Peer 1: 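Have a look at the structure that comes next, please.
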There are 2 protein chains.
Amino acid sequence: MDSTRRRADAADNRARIIRAARAVIANADEIKLNAIAKQAGVGQGTLYRHFPTREDLLAEVYREDVDALVAAAPALLAEHEPLTALARWFDRVADYAQVKRGVFAAVEVGVWRDLSAHSLGPIGDALTTLLDAGKADGTIRSDVDARDVILLIGYLTRLEEAEWDARARHLLHIVLDGLRRRE
Amino acid sequence: MDSTRRRADAADNRARIIRAARAVIANADEIKLNAIAKQAGVGQGTLYRHFPTREDLLAEVYREDVDALVAAAPALLAEHEPLTALARWFDRVADYAQVKRGVFAAVEVGVWRDLSAHSLGPIGDALTTLLDAGKADGTIRSDVDARDVILLIGYLTRLEEAEWDARARHLLHIVLDGLRRRE
DNA sequence: TGGCTAAGCGGACATGTGTCCGCTAGCGTG
DNA sequence: CACGCTAGCGGACACATGTCCGCTTAGCCA
C-alpha cells in the first residue's frame, strides 16, 4: 500500500477512482459505488481493493476537509479558553455536517475504526487535544474521552434536514453542558 | 388495515409472519427478510405489504417489550423524583438495548417516523411524561423535548459490544447532566 | 349456491453492495 | 531484450433489500 511496485497503474487507478468519486458526488446525489467504478473506467473489484468499504472511499475523497477540521483545533485553543474552543469546534463540525451529511457519517465510521485499531485517528487526536486542555483547566470533566464525544455528537448524522436548524446546535449545547465539570 | 374484509387470510398471514420472524430471530442471528417470508410460507410481496420496512416488522415483533418500557415511565415517576425517574428509565433502556441491539435501532427509527407524522408514539409519550415532570419541578431544562433525548441516546445503537460496559451507562450520565437545569 | 369484484397473494425482477478468481501485463533479472 | 513472477485487474457472481403486477380467492350479494 505504500509506494512499492506496480505503482504506475495501481496508483493511477486509485487517483482515477477518487476523481470519479468526486465527479459522481458532485453531479448525482446518489452515490453508487459501481457507478463510480464505471465512471473511473475500472472494474468493481479494483474499486473495492483500493477502498474496502464505502467509508474508506468517502474518507479519502474528503480528506482535505477532515484535515481542515483537525487543524482548526489547535488554532481555536490558541485563541480561546478550552471550553470555548471546544464549543467553536463543535460549531465547525455542525457547519460541515450540515452540508456534507453522508460524509460526516463516513468520517464517524472511520474514527470508530481507527479507535478499534487502538489509534485515535486525526479527528480523535484533535478532540483529545481539546478535551485535555479543558480537563487541565478544570472546565471539562475528567472522565470523558474522544470516543465518548464522537458517540454523543453522532446524532448529527441522523438529523432530518428539516429539523436541523431547530436541533443541531441546540443539542450540541446540551452535550457541551454534559461534558462540563459540575461545580 | 383495520379489521375490515379479507381479514381471515390476511390477518392470518400477518400473524404467521410475526411468528416466523420470532423464530428466525431466535435461531439465527442473521435476520434476512426473505428467509422470514419463506419460513412463514408467504411471498416476499406479502411480507412487505404487511411490513413496509424492516423496522416495521421488528417493531411489531417487539411490541410487548416496547410497551413494558412505556409502562415503566409512570411507575418510576410515582416512586422517585423526576430526575431519578428519568435516570432509572435510562437504565432500563440501556439494559434492553444491550440485549436487543437491532431492536433498539428499529425502535429508534420507528419513533422518528412517528415524530415526522406529528405524533410522538408510545416511547415519545413516555419520555415526554418524564421530561415534563422534571421541568415542572425545575430539575430539567425546559428547552428539551422527547425527540432531543431520543437523538442523544441513539449512540446506544452504535456502541460496540466490547465497549458497552465502559461507555453505555457512563454516557447516559453525561446526557442526563446535559439535560439538567444548570443552577 | 353461484358469480362477481377487489383485497390480497407471491414470486419474478430491479437495484445495490461486496466477493472471488482466472487472466493480464508491469517490472526486475539474466 | 527476452522471460517469468506476481501485483493488480475487472467483471461475473452471490446475496440482500425492496418493488411490481398478473393471478387467485374470500366474502358479499342475488
Side-chain angles (χ1 to χ4, degrees), chain A residues 1-21 23-25 27-61 101-103 105-106 108-110 112-113 157, chain B residues 1-21 23-25 27-61 101-103 105-106 108-110 112-113 157:
Chain A
M1 281 298 146
D2 280 45
S3 53
T4 30
R5 279 210 54 138
R6 178 55 58 93
R7 183 165 106 264
D9 56 341
D12 183 51
N13 272 332
R14 187 185 161 90
R16 201 157 59 239
I17 290 169
I18 294 172
R19 214 175 321 127
V24 168
I25 290 170
N27 297 343
D29 49 0
E30 283 287 301
I31 305 176
K32 300 175 218 173
L33 298 227
N34 55 9
I36 291 176
K38 194 170 186 182
Q39 165 104 11
V42 304
Q44 305 216 56
T46 303
L47 189 156
Y48 279 100
R49 193 161 351 84
H50 284 292
F51 306 99
T53 74
R54 174 189 211 77
E55 283 73 32
D56 288 308
L57 176 55
L58 292 188
E60 184 57 41
V61 167
R101 197 69 58 87
V103 180
E108 193 193 358
V109 173
W112 159 75
R113 201 190 348 261
T157 66
Chain B
M1 279 296 145
D2 280 46
S3 52
T4 30
R5 279 213 54 141
R6 180 55 58 92
R7 186 165 104 264
D9 58 339
D12 184 49
N13 271 333
R14 188 186 160 89
R16 200 156 60 239
I17 289 169
I18 295 172
R19 214 175 320 128
V24 168
I25 291 170
N27 299 341
D29 50 359
E30 283 287 300
I31 304 177
K32 301 176 216 170
L33 297 227
N34 55 8
I36 291 176
K38 194 170 184 180
Q39 164 106 13
V42 303
Q44 305 215 57
T46 303
L47 189 157
Y48 279 99
R49 194 158 353 84
H50 284 292
F51 306 100
T53 73
R54 175 190 210 77
E55 283 74 30
D56 288 307
L57 176 55
L58 292 188
E60 184 56 41
V61 167
R101 196 71 56 88
V103 180
E108 193 193 359
V109 172
W112 160 76
R113 201 189 349 258
T157 67

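Numbered from 1 within each chain, the chains take letters A, B, ... in sequence-line order. The shown structure was predicted, so the numbers you read here are calculated from the model rather than taken from an experiment.
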Peer 1: Looking only at atom types and distance, does a side-chain atom of A/R16 sit under 3.5 Å from a main-chain N or O of A/V42, one as donor and one as acceptor?
Peer 2: no
Peer 1: Can you tell which of A/I25, A/I36, A/D56 makes a side chain to side chain contact (heavy atoms under 4.5 Å, CB included) with A/V61?
Peer 2: A/I25
Peer 1: So does A/N13 get a side-chain nitrogen or oxygen closer than 4.0 Å to the phosphate oxygens (OP1/OP2) of D/dG8?
Peer 2: no
Peer 1: At their closest point, which heavy atom of A/N34 faces which heavy atom of A/Q44, and how far apart are they?
Peer 2: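 Shortest heavy-atom contact: CB-OE1, 3.1 Å.
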Peer 1: Is B/T46 close enough to C/dG10 that one of its side-chain N or O atoms is under 4.0 Å from OP1 or OP2 there?
Peer 2: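 True: B/T46 side-chain N/O within range (under 4.0 Å) of C/dG10 OP1/OP2.
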Peer 1: Can you tell me how far P of C/dG10 sits from CD1 of B/I36, to the nearest Å?
Peer 2: 16 Å
Peer 1: Rounded to the nearest angstrom, tell me the gap between atom CZ in B/R49 and atom P in C/dC9.
Peer 2: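 After rounding, the reported distance stands at 5 Å.
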Peer 1: Once you round it to whole Å, what is the distance between C1' of D/dG10 and CZ of A/R16?
Peer 2: 12 Å
Peer 1: When you measure from the side chain of B/N13 to the backbone of B/A10, do you find a donor-acceptor pair of N or O atoms at a distance under 3.5 Å?
Peer 2: no
Peer 1: Might you point out which heavy atoms bring A/R54 and A/I31 nearest each other, and give the distance in Å?
Peer 2: NH2-O, 2.8 Å
Peer 1: Over how many whole Å does the gap from B/D12 atom CG to C/dC9 atom C1' extend?
Peer 2: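 The distance from CG of B/D12 to C1' of C/dC9 comes to 13 Å, rounded to the nearest Å.
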Peer 1: Atom CZ of A/R14 and atom P of D/dA7: how far apart are they, to the nearest Å?
Peer 2: 18 Å
Peer 1: Only one of A/L57, A/I18, A/I17 passes side chain to side chain contact (heavy atoms under 4.5 Å, CB included) with A/H50; say which it is.
Peer 2: A/I17
Peer 1: Is the phosphate of C/dG8, meaning OP1 or OP2, less than 4.0 Å from a side-chain N or O of B/H50?
Peer 2: no
Peer 1: List, with names and distances, any nitrogen or oxygen atoms from the protein found under 3.5 Å away from nitrogen or oxygen atoms belonging to nucleotides 16-18 of chain D.
Peer 2:
| unit_1 | atom_1 | unit_2 | atom_2 | d |
| --- | --- | --- | --- | --- |
| D/dA16 | OP1 | B/K32 | NZ | 3.1 |
| D/dT17 | OP1 | B/R54 | NH1 | 3.0 |
| D/dT17 | OP2 | B/L33 | N | 3.4 |
| D/dG18 | O6 | B/Q44 | NE2 | 3.3 |

Peer 1: With DNA chain C as reference, determine whether B/V42 or A/G45 sits nearer its 5' end, using the nearest nucleotide of each.
Peer 2: B/V42
Peer 1: When the distance from NZ of B/K38 to P of D/dC15 is rounded to whole Å, what number comes out?
Peer 2: 12 Å
